[in-house]
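The following block contains the structure, expressed as structure tokens.
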Amino acid sequence: MSRFSYITRAVWLLSLISLFTDLASEMLYPIMPLYLQSIGFSVFFIGLLEGVAEATAGLSKGYFGQWSDRLGRRVPFVQWGYGLSALSKPMLAILATPVWVLLARTLDRLGKGLRTGARDALLSDETTPDNKGKVFGFHRSMDTLGAVFGPTVALLWLTSQPGEFRPLFLIAFLPGLLAIGIAFLLKERQTVPSNRPVQPFWASFSYWRVASPAYRQVVGALVLFALFNSSDAFLLLLARQRGLSDATVVGLYIWYNAVYVLSAWPLGHLADKLGSRRLLVAGLLVFALVYGGVAVAHTTWAFAAMFGLYGVYAAATEGVGKAWVSNLCRKADAGAALGTFSGLSSLATLGASVGAGLLWQWRGPSLTFGVTAVVALGVAGYLAVVRLREQAA
């Protein structure tokens with residue numbers, strides 16, 4: 001058997017789809033706060049915009065995850081979800097009014113909510129307990145490879161066309177179309193439909209009530225952390241406020257994603273050997289170091305060090321966190337469990353981003369990042385010592 005036999009056709013296709021979608025999305029993500037500031041948006045409004053967009057994804061992730069479980073189908077949710085996200089890209093090139101920008105960002109996040117639970121359940125179906133970290137880590141590596149290519153395109157464009165942000169929104173539509181084409185190559189696996197009725201949209205997180213105590217302990221702690229972990233847009237705004245150029249800010253974002261993509265798969269392997277809990281706790285400790293560091297950083301080299309460590313944190317937590325959570329639920333409930341986890345985290349980001357915007361304007365960025373670092377330390381300590389009361393229900 002091949003050493004990499006766990007990378008199945010479905011894992012490859014899902015990873016390529018994520019790569020091209022992230023290429024499109026991440027081409028725009030590092031320039032979005034810079035673009036919005038250039039047309040007069042305040043730090044508070046940028047935080048509100050990102051928070052509302054993530055809340056939309058949050059409300060829809062659990063709901064569509066339930067529908068995916070109920071129907072026993074994953075692929076249509078993946079296809080439509082990536083389609084909506086691709087459509088949102090050219091919309092941002094048409095108008096620059098607050099309402100239109102909010103509509104486009106919301107459509108993009110709705111697509112993310114539509115696909116996330118079903119996609120992660122598809123990935124989970126391709127795994128065993130022994131290789132789950134490797135599969136999710138590989139997917140995150142491919143996903144983040146797109147997050148290296150995308151900002152690189154943006155950096156090359158801004159180097160030749162300083163301040164010309166709008167054409168990038170049209171360019172980003174092309175890899176999004178390619179992702180849609182690959183999504184139609186996916187084949188549905190035979191899945192036993194869940195017998196649990198789908199709750200109304202506003203009750204999309206009802207899985208929480210029937211989840212195992214272990215699931216609630218872990219997810220509750222991670223959601224608390226998310227409640228203080230604001231959008232990465234604030235890191236980019238901080239670098240710009242400290243005197244770095246637009247091109248340098250985008251370059252830092254590329255560096256962060258390069259470290260992430262190189263670390264995600266090896267750290268997924270490490271999670272399978274050491275356990276997801278240990279790696280996740282280590283990642284949160286690195287996060288606390290980063291947020292404490294950027295609070296006092298002023299030079300390009302200091303920011304480069306912090307953004308590099310931030311890539312290590314992301315690689316040690318995002319895929320690993322999902323792998324851990326997926327082991328705390330029944331296989332038939334994977335879509336709802338993972339969708340609820342992602343959804344609650346996204347909703348928490350709304351509060352975190354709005355709160356960070358207000359705190360930034362009230363007392364400045366140093367306190368904003370310092371508070372988040374302290375909370376990360378507390379959550380890491382809790383997850384390191386908590387005794388999980390039972391395994392998956």
Notebook entry, point to check: Under 4.5 Å between side-chain heavy atoms, hopping through other hydrophobics if needed: is there a path connecting I94 to L107?
Noted result: yes
Note to self: In terms of relative ring orientation, are F307 and Y310 parallel, tilted or perpendicular, with 30° and 60° separating the classes?
What the structure shows: perpendicular
Check: Taking the side chain as C-beta and beyond, is there a heavy-atom pair between R74 and D125 under 4.5 Å?
Finding: yes
Note to self: A side-chain contact here means heavy atoms from C-beta on lying under 4.5 Å apart; do E164 and L158 qualify?
What the structure shows: no
Notebook entry, point to check: Less than 4.5 Å apart, any side-chain heavy atom of K112 and any of S25?
Noted result: no
Notebook entry, point to check: Taking the six-membered ring for Trp, is the centroid-to-centroid distance between F149 and F20 below 6.0 Å?
Noted result: no
Notebook entry, point to check: Taking only residues two or more places apart in sequence or in another chain, which ones pass ring-ring contact (aromatic ring centres under 6.0 Å, His included) with F234?
Noted result: W360
Next item on the list: For residues 244-263, pull every pair meeting salt bridge (charged side-chain N to carboxylate O under 4.0 Å, His left out), keeping only residues two or more places apart or in separate chains.
Entry: R240-D246
Margin query: Just so I know, are the side chains of F341 and Y215 near enough to count as touching, which here means a heavy-atom distance under 4.5 Å?
Written below: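 F341 vs Y215: side chains touch.
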Note to self: Here's a test for you: under side chain to side chain contact (heavy atoms under 4.5 Å, CB included), which of L267, L274, T317, L284 qualifies with L279?
What the structure shows: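 One option only clears the test, and that one is L267.
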Checklist line | Euclidean distance, L224 CG relative to N229 CG, rounded to 0.5 Å | finding: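 Going from the CG atom of N229 to the CG atom of L224 covers 11.0 Å.
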Check: With a 4.5 Å heavy-atom cut-off, do V290 and F369 have their side chains touching?
Finding: no
Next item on the list: Check the angle between the aromatic planes of Y313 and F225 and answer parallel, tilted or perpendicular using the 30° and 60° thresholds.
Entry: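 The rings of Y313 and F225 stand perpendicular, inter-plane angle above 60°.
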Check: Counting only heavy atoms not in R277, do more than 12 sit closer than 6.0 Å to its CZ atom?
Finding: yes
Next item on the list: Could you check if a side-chain atom of W80 sits within less than 4.5 angstrom of a side-chain atom of R115, using non-hydrogen atoms only?
Entry: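 The answer is no, as the side chains (C-beta and beyond) never meet within the 4.5 Å cut-off.
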Next item on the list: Taking the six-membered ring for Trp and the full ring for Phe, Tyr or His, determine whether the centres of F138 and W12 are under 6.0 Å apart.
Entry: yes
Check: In chain order, what residues pass the salt bridge (Lys or Arg N to Asp or Glu O under 4.0 Å) check against K89, with sequence neighbours excluded?
Finding: D108
